[in-house]
Amino acid sequence: MIVSVKKSTPKGTIPAPASKSYTHRAVFIASLGKKEVELSHPLLSADTKSTMEACRLFGANVEERTDSTNETKIIIRGFDGKPKTPEKPIDVGNSGTTLRLMTALAGVADGSVTLTGDESIQKRPNTPLLKTLNEMGAEAYSENNNDCAPLIVRGKIKQGNFSIDGGMSSQFISALLLSCPLLGGDSIISIDGDLKSKPYVDITLEVAEKAGIEIKEHFKWKMTEKDGTKSEVLVYSIPGKQTYDLGNYIIPGDFSSASYLLTAGALIPGAEVEMSGLFPSAQGDSAIVEILEKAGADISWDKENGIIRVSNKNSKRLKGIVWDAGETPDLVPTLSVLGAFSDGETRITNAEHVRFKETDRLKAMATELTKLGAVIEETADGLIISGEKSKNEMKGTAVHGWNDHRIVMSLFIAGMMIGDVTIDTAESVKISYPDFFEEMKKIGAIFEKC
Ligand SMILES: O=C(O)C1=C[C@@H](OP(=O)(O)O)[C@@H](O)[C@H](O)C1
Ligand SMILES: C=C(OP(=O)(O)O)C(=O)O
């Protein structure tokens with residue numbers, strides 16, 4: 001699908017869609033338990049549906065139920081910590097989170113499990129996770145010998161003391177943290193190097209704790225062999241033989257999805273936007289409020305009522321900022337659009353892991369914003385955008401959405417700002433925000449789908 005976006009001024013209130021990361025975890029964790037769980041306000045998107053289907057293949061009963069008020073809930077009866085061997089390959093579609101959570105769980109099931117997905121997922125490496133699963137006793141490998149899906153896991157992993165590299169994706173760590181409590185004894189997982197995207201591990205710990213699971217996060221000192229200097233290592237201690245009991249659970253709003261409209265509200269002259277359902281959260285992407293504040297936007301967050309208001313009534317230009325994206329990888333596309341329309345320089349750093357998403361998002365944003373006239377430089381781990389040089393150059397044209405939901409949604413905001421931006425592969429919003437276009441229409445976005 002192609003969308004053609006015209007200059008438009010967003011005005012109005014919309015509720016934030018439900019969090020993708022919390023929905024994945026709630027579905028997964030409820031499936032690991034025994035008692036029936038009702039998940040309210042879930043995100044029903046292509047990615048979370050992949051997790052629901054994978055949990056069914058491992059033996060959970062997962063149903064969508066719509067009540068008389070037209071609210072859809074997910075009802076889950078789990079497999080009580082004993083996943084059965086799926087009868088067919090698990091197809092995770094486009095979802096990295098699903099692939100990683102299910103790959104570790106495959107090491108708990110008997111027999112052989114195959115996990116695969118779409119063209120994008122078949123290019124996303126899983127090297128650290130495969131390595132650690134093998135050290136834990138499973139036979140885990142990639143069919144094409146490139147550490148990408150299709151993956152084969154032959155059980156079974158065992159408890160013990162292991163380490164895993166934290167620099168590529170936190171999803172490997174989340175996956176191990178959720179499967180280790182099912183093992184016969186205690187495990188210790190140490191993180192080698194920096195842990196990128198750490199807030200996502202915090203979300204994992206929060207939902208696991210709600211399900212009664214004990215995981216202790218602490219630091220230990222490590223001596224380097226080379227020069228004897230000491231450094232701190234992040235460690236997770238996970239007792240074995242635990243049982244999951246999530247209880248009924250309400251999914252919070254999603255700050256990554258909210259970032260598009262909030263940024264539109266801050267940037268576009270005359271905009272007045274309000275989003276509800278955004279309470280303080282472990283989500284690193286709640287930093288979008290701080291980012292827009294730093295850039296000089298008129299923004300306020302009523303944390304008690306979960307409402308964020310942002311406007312640009314005086315049609316002012318925002319200013320460029322420096323942002324370390326180590327903890328907020330999914331904000332990078334939004335941030336690069338913000339930078340292209342702000343004065344001064346915007347620098348996004350520590351974002352190397354953003355190259356391992358649905359697409360290489362640093363390359364994708366540099367390529368597409370350049371087509372729109374932005375002066376943008378791709379560095380090894382980030383982007384440098386010259387707002388000054390881009391200022392009078394930004395002009396609508398046809399851009400490529402890279403079949404990546406976050407690229408499409410952030411380019412849509414650029415379209416509202418300058419008009420006449422045509423974006424292909426726009427259907428990819430179904431991955432995390434299926435109602436994106438309907439919601440944008442409600443707040444005054446002018447666009448055509450063709
Ligand atoms: O665990 C999660 O829910 C996610 C973790 C992050 O990935 P990485 O840890 O690979 O950076 C994030 O980019 C992704 O959208 C969702
Ligand atoms: C990278 C993302 O998700 P996943 O890793 O689950 O595919 C995303 O939603 O931007």
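Read the numbers this way: they start at 1 and go in the same order the structure lists the ligands and their atoms.
- With a heavy-atom cut-off of 4.0 Å, R25 touches ligand 1 through its side chain alone.
- Taking only nitrogen or oxygen atoms, main chain and side chain alike, R100 does not reach within less than 3.5 Å of ligand 2.
- Here S169 has heavy atoms under 4.0 Å from ligand 1 in both its backbone and its side chain.
- Listed for the D147 side chain is no donor-acceptor partner under 3.5 Å among the backbone atoms of N126.
- Taking 4.0 Å as the cut-off between side-chain N and carboxylate O, R124 and E358 count as a salt-bridged pair.
- The option with the heavy atom closest to atom 3 (O) of ligand 1, from among S21, S170, S19, S95, is S21.
- In summary, the atoms of ligand 2 found under 4.0 Å from a heavy atom of G96, numbered by their order in the structure, are 4 (P), 5 (O), 6 (O), 7 (O).
- Between atom 16 (C) of ligand 1 and the options Q171, E327, R406, the minimum heavy-atom separation is to Q171.
- For ligand 2 and K20, the ligand atoms under 4.0 Å from any heavy atom of the residue are 2 (C), 3 (O), 4 (P), 6 (O), 8 (C), 9 (O).
- Heavy atoms of R124 found under 4.0 angstrom from ligand 2 belong exclusively to the side chain.
- Between Y200 and ligand 1, no N or O atom pair is found at a separation short of 3.5 Å.
- Here the rule is side-chain contact (heavy atoms from CB on, under 4.5 Å) with Q159, and of P239, P181, S187 only S187 fits it.
- Taking each of D330, T23, T204 in turn, the one with a heavy atom nearest to atom 12 (C) of ligand 1 proves to be D330.
- Shown in contact with N94 at under 4.0 Å from a heavy atom are these atoms of ligand 2, numbered in order with element: 7 (O).
- Using a 4.0 Å cut-off to heavy atoms of H405, the atoms of ligand 2 that qualify are 8 (C), 9 (O), 10 (O).
- Contacts of H353 with ligand 1, taken as heavy-atom pairs under 4.0 Å, involve the side chain alone.
- At a 4.0 Å heavy-atom cut-off, ligand 1 touches P329 through the side chain alone.
- With a 4.0 Å cut-off on non-hydrogen atoms, K196 does not touch ligand 1 at all.
- Listed by number with element, the atoms of ligand 2 under 4.0 Å from a non-hydrogen atom of T97 are 4 (P), 5 (O), 6 (O).
- Between K131 and E135 a salt bridge is recorded (basic side-chain N to carboxylate O distance below 4.0 Å).
- Nearest protein neighbour of atom 7 (O) of ligand 1, counting heavy atoms only, is K357 NZ, 3.0 Å.
- A donor-acceptor pair is defined here as one N or O able to donate and one able to accept, closer than 3.5 Å; such a pair exists between the side chain of D360 and the backbone of K363.
- When atom types are taken as modelled, the side chain of S410 and the backbone of I407 share a donor-acceptor pair closer than 3.5 angstrom.
- Between Q171 and ligand 2, at least one pair of N/O atoms sits closer than 3.5 Å.
- No salt bridge links D404 with R406; every basic N to acidic carboxylate O contact stays at or beyond 4.0 Å.
- Counting only N and O atoms by type, the side chains of T98 and T51 include a donor and acceptor under 3.5 Å apart.
- Looking at ligand 2, you'll find an N or O of R406 within less than 3.5 Å of one of its N or O atoms.
- Each of D285, D330, T334 was checked for a side-chain hydrogen bond (donor to acceptor under 3.5 Å, both in side chains) with S259, and the lone residue meeting it is T334.
- Under a 4.0 Å N-O distance rule, the pair K35/D245 qualifies as a salt bridge.
- Contacts with ligand 2 closer than 4.0 Å are made by side-chain heavy atoms of E358 only, the backbone lying farther away.
- Residues Y433 and Y260 keep their aromatic ring centres 6.0 Å or farther apart.
- Which parts of ligand 2 touch K357 is read off a 4.0 Å heavy-atom cut-off, strictly below it: atoms 1 (C).
- The main-chain N or O of T66 is never found under 3.5 Å from a side-chain atom of T72 such that the two would form a donor-acceptor pair.
- Contacts of H353 with ligand 2, taken as heavy-atom pairs under 4.0 Å, are absent altogether.
- H24 and D47 get closest at one heavy-atom pair: CE1-O, 3.3 Å.
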